[in-house]
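The structure appears below as structure tokens.
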Amino acid sequence: MGVKGFVEGGIASIIAGCSTHPLDLIKVRMQLQGEASGTVNPVQTLRPALAFHPSNAHVPVAPRVGPISVGVRIIQQEGVAALYSGVSATVLRQTLYSTTRMGLYDMLKTKWTDPDTNNMPLGKKIVAGLIAGGIGAAVGNPADVAMVRMQADGRLPSAQRRNYKSVVDAITQMCKSEGVTSLWRGSSLTVNRAMLVTASQLASYDEFKEMILRKDIMKDGLGTHVTASFAAGFVAAVVTNPVDVIKTRVMNMKVEPGKAPPYRGALDCAMTTIKAEGPMALYKGFIPTISRQGPFTIVLFVTLEQVRKLLKDF
């Protein structure tokens, strides 16, 4: 039964990840908007008051565009295929990260469910999600770093692009040029985000589904699964977006030998981002995040429920 949970979760996660990959790519590009690039000093992007410039100083601010504009720009500049940049890394990430977290959560849920009432308290669901998400993220971090870099590559000038051919090529080049430890860059953020998203997503899905069935709002079927999964996706997006923005920027930063990295760590990235772009910068990409998290969560759980039905006799 333990192995079965991993297989079911893995199949559902890979299908959900691939089907919503373009939305994830747009989210990453939006999260990097306003970030200093190349050799530009990040301090130059500060507002006059924060940079201690004279009050009449004017610092140009690049216009921020929405998810539809970002998607159209990607297609115009890089082609339709660019919407699937890094999809091989998504498959590997879902195989490592999501398979692990879904399987572990299923195991803990089976172990901690009260045999008499067949229910599991919300607190235990959250703890199970935190544990499963943390372990899954640690396993899948290399694929996560590769995915972020492959998705972000198209926004860089041609001379600065990494031009990874596949997730295997990305991981190989990172090991050669930056060392094996670069595969776990931002791992603390990945683990924290994964703990939050797994706890909020899986626990809230189970809770919403049980509430709908308990109050007899709908029967156990597609309508219940879609409703509960969309609600779970919204909760997960609200909880995890700030961590996701910081994670994306730390993973994407270019570290050159002999030069100081753009960010010293997660906290420095957060403070630099807030000072340069304001607190709401931590919610950059929220619309594509919820636009992606909603469909992803719906596809994930609807597929999971169907896979469980197909494998129930095994």
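Computed from a predicted model, the values in this text were never measured in an experiment.
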Inspect the contact between [Y] and [X] and indicate whether a charged nitrogen and a carboxylate oxygen are less than 4.0 angstrom apart.
{"X": "E78", "Y": "R29", "value": "yes"}
{"X": "K109", "Y": "D106", "value": "no"}
{"X": "K247", "Y": "D244", "value": "yes"}
{"X": "R249", "Y": "E277", "value": "yes"}

For [X] and [Y], work out which heavy atoms get closest and say how close.
{"X": "I74", "Y": "I26", "result": "CD1-CG1, 4.3 Å"}
{"X": "T198", "Y": "A194", "result": "OG1-O, 2.7 Å"}
{"X": "M150", "Y": "A170", "result": "SD-CB, 4.3 Å"}
{"X": "K165", "Y": "D169", "result": "N-OD2, 2.9 Å"}

Between [atom1] on residue [X] and [atom2] on residue [Y], distance to nearest 0.5 Å:
{"X": "D24", "Y": "L83", "atom1": "CG", "atom2": "CG", "answer": "12.0 Å"}
{"X": "I135", "Y": "L130", "atom1": "CD1", "atom2": "CG", "answer": "11.0 Å"}
{"X": "K111", "Y": "K124", "atom1": "NZ", "atom2": "NZ", "answer": "10.5 Å"}
{"X": "T224", "Y": "I217", "atom1": "OG1", "atom2": "CD1", "answer": "8.5 Å"}
{"X": "M271", "Y": "I274", "atom1": "CE", "atom2": "CD1", "answer": "5.5 Å"}
{"X": "I212", "Y": "E207", "atom1": "CD1", "atom2": "CD", "answer": "11.0 Å"}

Side-chain contact, heavy-atom cut-off 4.5 Å: [X] with [Y]?
{"X": "N118", "Y": "T113", "value": "yes"}
{"X": "I287", "Y": "M30", "value": "no"}
{"X": "V226", "Y": "M218", "value": "no"}
{"X": "F208", "Y": "V235", "value": "yes"}
{"X": "C269", "Y": "M253", "value": "no"}

Filter on salt bridge (charged side-chain N to carboxylate O under 4.0 Å, His left out), then keep only pairs touching [range], sequence neighbours left out; what's left?
{"range": "residues 126-138", "answer": "none"}
{"range": "residues 170-182", "answer": "R149-E178, E178-R185"}
{"range": "residues 81-103", "answer": "R93-D144"}

With distance as the sole test, does [X] use its side chain to make a donor-acceptor pair with the main-chain N or O of [Y] at under 3.5 Å?
{"X": "W184", "Y": "A138", "answer": "yes"}
{"X": "S13", "Y": "G10", "answer": "no"}
{"X": "D153", "Y": "R161", "answer": "no"}

### Message
Using the side chain to side chain contact (heavy atoms under 4.5 Å, CB included) criterion, which residues pair with S85? Sequence neighbours excluded.
### Response
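For S85 the side chain to side chain contact (heavy atoms under 4.5 Å, CB included) partners, ignoring immediate neighbours, are L25, A82.
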### Message
Taking side chain to side chain contact (heavy atoms under 4.5 Å, CB included) as the definition, give me every residue that meets it alongside R264, ordered by chain and number, with sequence neighbours left out.
### Response
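For R264, the residues satisfying side chain to side chain contact (heavy atoms under 4.5 Å, CB included) (neighbours in sequence not counted) are D268.
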Single-linkage hydrophobic cluster, 4.5 Å side-chain cutoff, [X] and [Y] together:
{"X": "M102", "Y": "I14", "value": "no"}
{"X": "L304", "Y": "V7", "value": "no"}
{"X": "V238", "Y": "M280", "value": "yes"}

Is the [atom1] atom of [X] crowded by more than 12 outside heavy atoms at less than 6.0 Å?
{"X": "F234", "atom1": "CZ", "answer": "no"}
{"X": "I68", "atom1": "CD1", "answer": "no"}
{"X": "F286", "atom1": "CZ", "answer": "yes"}

#### Entry: Stepwise side chain to side chain contact (heavy atoms under 4.5 Å, CB included) check, Y205 with L300
CA-CA 11 Å; Y205 173 77; L300 174 67; over 6 Å; no
### Message
side chain to side chain contact (heavy atoms under 4.5 Å, CB included) for H225 and D220? Distances and angles first, verdict last.
### Response
CA-CA 8 Å; H225 302 158; D220 190 4; 2.9 Å; yes
### Task
I would like to know whether K209 and D206 meet salt bridge (Lys or Arg N to Asp or Glu O under 4.0 Å); could you show each step before the answer?
CA-CA 5 Å; K209 179 183 173 184; D206 283 342; over 6 Å; no
#### Entry: Stepwise side chain to side chain contact (heavy atoms under 4.5 Å, CB included) test for Q94 and I15
CA-CA 9 Å; Q94 297 300 339; I15 293 173; over 6 Å; no
### Query
How about T190 and N141: does a side-chain donor come under 3.5 Å of a side-chain acceptor?
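T190 vs N141: donor-acceptor pair found between side chains.
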### Message
Considering only residues two or more places apart or on different chains, which pairs with a residue in residues 72-111 satisfy ring-ring contact (aromatic ring centres under 6.0 Å, His included)?
### Response
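Output for this query lists H21-Y84.
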#### Entry: Pair V197-Q293, side chain to side chain contact (heavy atoms under 4.5 Å, CB included): steps then yes or no
CA-CA 10 Å; V197 75; Q293 193 69 258; 4.1 Å; yes
